[in-house]
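Since the structure comes first, as structure tokens, the remarks are kept for the end.
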Amino acid sequence: MDVIGKSNEVYADLDYWDERYSNKLQPERGYLRLVQVLVSGCGNSTLSTEMYEDGFKIQTNIDYSEQVIQNMKIKFENSASEIRWIVADIFQLDEILPANSFDVAIDKGTMDAFLTKFKNVDDPWDPSAESLELARKYLTQVVKAIRPGGKFIHITWDQPHFRKMFLLSDLVKFERSYSVGDGFEYFIYVCSVL
């Protein structure tokens with residue numbers, strides 16, 4: 001069966017869909033090739049390469065560790081050669097990345113890492129002005145790189161009542177949060193860039 005219908009009307013026909021899905025085709029992911037993704041503080045996570053395998057081919061991964069960037073470039077030079085690996089300071093992204101150039105930015109533990117600087121002095125219910133300002137500085141840099149209406153996805157161990165206060169701002173609109181896992185869960189926050 002040709003997955004492209006002979007006319008638009010076939011898409012309203014249940015028989016078309018049943019036949020199409022009975023062939024056990026791979027999910028259609030062609031549109032994903034057009035999404036430009038920034039992974040902020042990528043580290044040595046496999047998230048980027050897993051996303052690459054799932055169709056997100058246009059990626060820029062940044063980290064301030066030159067060692068991890070070199071390791072990732074070498075490790076994935078043959079299997080995910082389109083991924084860009086860049087040494088960069090997340091607090092100075094506007095110096096290396098063009099404004100409004102990404103559809104999505106993903107933070108998987110980056111904010112967690114830099115906020116540990118304040119763990120011994122901050123009350124999680126009442127974070128210091130310094131930790132809130134540092135989070136805003138980071139978010140400002142990331143948001144500059146994302147197109148208006150684009151998404152900022154933040155993956156963290158922090159529960160919503162602790163993390164939302166770092167995300168609520170005039171820079172992004174908080175949309176929703178998800179929890180993943182049982183007992184030892186992590187949280188995914190999705191925000192739209194204003």
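Bear in mind that the values here come from a model prediction, so they are computed numbers and not experimental data.
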Minimum heavy-atom separation for [X] and [Y], please, with both atom names.
X	Y	value
Glu77	Ser81	O-CB, 3.1 Å
Ser101	Gln36	O-OE1, 3.0 Å
Met111	Phe166	SD-CB, 4.0 Å
Pro124	Met165	O-CE, 3.9 Å

Results of salt bridge (Lys or Arg N to Asp or Glu O under 4.0 Å) for [X] - residues two or more places apart only:
X	result
Asp94	Lys144
Asp170	Arg136
Glu130	none
Arg147	Asp103

Working to the nearest 0.5 angstrom, can you tell me the gap between [X] [atom1] and [Y] [atom2]?
X	Y	atom1	atom2	result
Glu82	Gln59	CD	CD	9.5 Å
Thr46	Lys75	OG1	NZ	7.5 Å
Leu139	Ile146	CG	CD1	8.0 Å
Phe152	Leu171	CZ	CG	10.5 Å
Ile153	Ile106	CD1	CD1	5.0 Å

Residue pairs, two or more places apart or on separate chains, that pass salt bridge (Lys or Arg N to Asp or Glu O under 4.0 Å) and touch residues 159-169: Asp112-Arg163, Asp158-Arg163

Listed once per pair and sorted, the salt bridge (Lys or Arg N to Asp or Glu O under 4.0 Å) pairs that draw on residues 59-72, sequence neighbours left out: none

Parallel, tilted or perpendicular: ring planes of His154 versus Tyr189, cut at 30 and 60 degrees: parallel

4.5 Å side-chain heavy-atom contact, [X] and [Y]:
X	Y	value
Phe174	Val172	no
Ile90	Val142	no
Ser192	Lys151	yes
Thr49	Ser79	no
Phe56	Val104	no
Asn44	Asn71	no

Set of residues satisfying ring-ring contact (aromatic ring centres under 6.0 Å, His included) with respect to Tyr178, sequence neighbours excluded: none

Any residue meeting side-chain contact (heavy atoms from CB on, under 4.5 Å) with Gln159, in chain and number order, not counting sequence neighbours: His161, Phe162, Phe187

Flag yes if [X] and [Y] sit in one hydrophobic cluster, no otherwise; membership is Ile, Leu, Val, Met, Phe, Trp, Tyr, and two members link when side-chain heavy atoms are under 4.5 Å apart.
X	Y	answer
Ile96	Leu38	yes
Leu47	Val180	yes
Tyr64	Leu93	no
Leu194	Val143	no

side-chain hydrogen bond (donor to acceptor under 3.5 Å, both in side chains) involving [X] - partner list, sequence neighbours excluded:
X	answer
Thr110	none
Ser131	Asp122, Ser128
Gln70	none

Check: Phe184 main-chain N/O paired with Asp182 side-chain donor or acceptor under 3.5 Å: no

Sole candidate of Ser40, Ser45, Cys42 that passes side chain to side chain contact (heavy atoms under 4.5 Å, CB included) when paired with Lys108: Ser45

Met72: hydrophobic cluster co-members (side-chain, 4.5 Å): Tyr52, Val68, Ile69, Phe76, Ile83, Trp85, Val87

